[in-house]
Structures are given as structure tokens and as C-alpha cells.
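Accompanying notes for the structure given below.
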Amino acid sequence: KKMLTKILGKSSVDNNIEKEASLATGEIYLKEGDYSNAILFLNKFLTKFPSDDKAGEAKLLLIDAFFKKGDYKKAIEVYNSDQKTHWNCG
């Protein structure tokens, strides 16, 4: 996690590396129960890469983070938002 956040802090990061690091860091924070940081990194991924093949996976993780944080309203908003997001999670 420390290495991923260090990579993301650099000003000139390759898009593919940034994409993978943002998603992986968000997922790690979610698994650790740090929902605020999970939301931060997953939002970063979805903002920067909304049409990526992994956007559906990131969106589901984001919904899960809001749900586990107890913010059910925001989880529902994310679920209902932007129907263009890819829901391909495989």
C-alpha cells in the first residue's frame, strides 16, 4: 500500500500504472476497513478512467465502501449514477 501511494504521489506517472495503482490501493483500503481512503482512491480511478474496462469493478467496490461506512444513501446514488459505466467485473 505504501509503495502504491508513493507511486500515485509522483507528478509523472504512466496512465496504466496510475490506473492499476488507484484501483489496487482503493481495494486494499477497503479490505483493511479504511473506507474513507478506499472511497478517495476509487473515486480518483472512476473520475480519471470512467470508460475503463475495470470501471464496473471500481464502481462496485465504491458502493461497497459507502455501504460498509454506513452511508447507504451515497451507495444508492453511486449505484444509480452514470449508466454508461461498464459493469463488466470479470
Measure from the side-chain N and O atoms of K59 to the backbone N and O of V78, and report whether any donor-acceptor pair falls under 3.5 Å. yes
Measure the spacing between OH of Y72 and CZ of F67 and express it to the nearest 0.5 Å. 5.0 Å
Check L62 against L42 and note the closest heavy-atom contact, atom names and distance. N-CD1, 3.6 Å
Got a second to check how far F66's CZ is from S36's OG, nearest 0.5 Å? 9.0 Å
Let me confirm one number: the NZ-CD distance from K54 to E20, rounded to the nearest 0.5 Å. 4.0 Å
Heavy-atom closest pair, residues A38 and A65: CB-CB, 4.3 Å
How long is the gap from NZ on K68 to CG on D34, to the nearest 0.5 Å? 13.0 Å
For K73, enumerate each residue passing the side-chain contact (heavy atoms from CB on, under 4.5 Å) test, keeping only those at least two apart in sequence or located in another chain. D71, E77
Shared hydrophobic cluster, L60 / I76 (ILVMFWY, side-chain heavy atoms < 4.5 Å): no
Pick out which of I39, N37, D64 makes a side chain to side chain contact (heavy atoms under 4.5 Å, CB included) with L30. D64
Ring pair (Phe, Tyr, Trp, His ring centres under 6.0 Å) against F49, all qualifying residues, sequence neighbours excluded: F45
What distance do I17 atom CD1 and S22 atom OG have between them, rounded to the nearest 0.5 Å? 11.5 Å
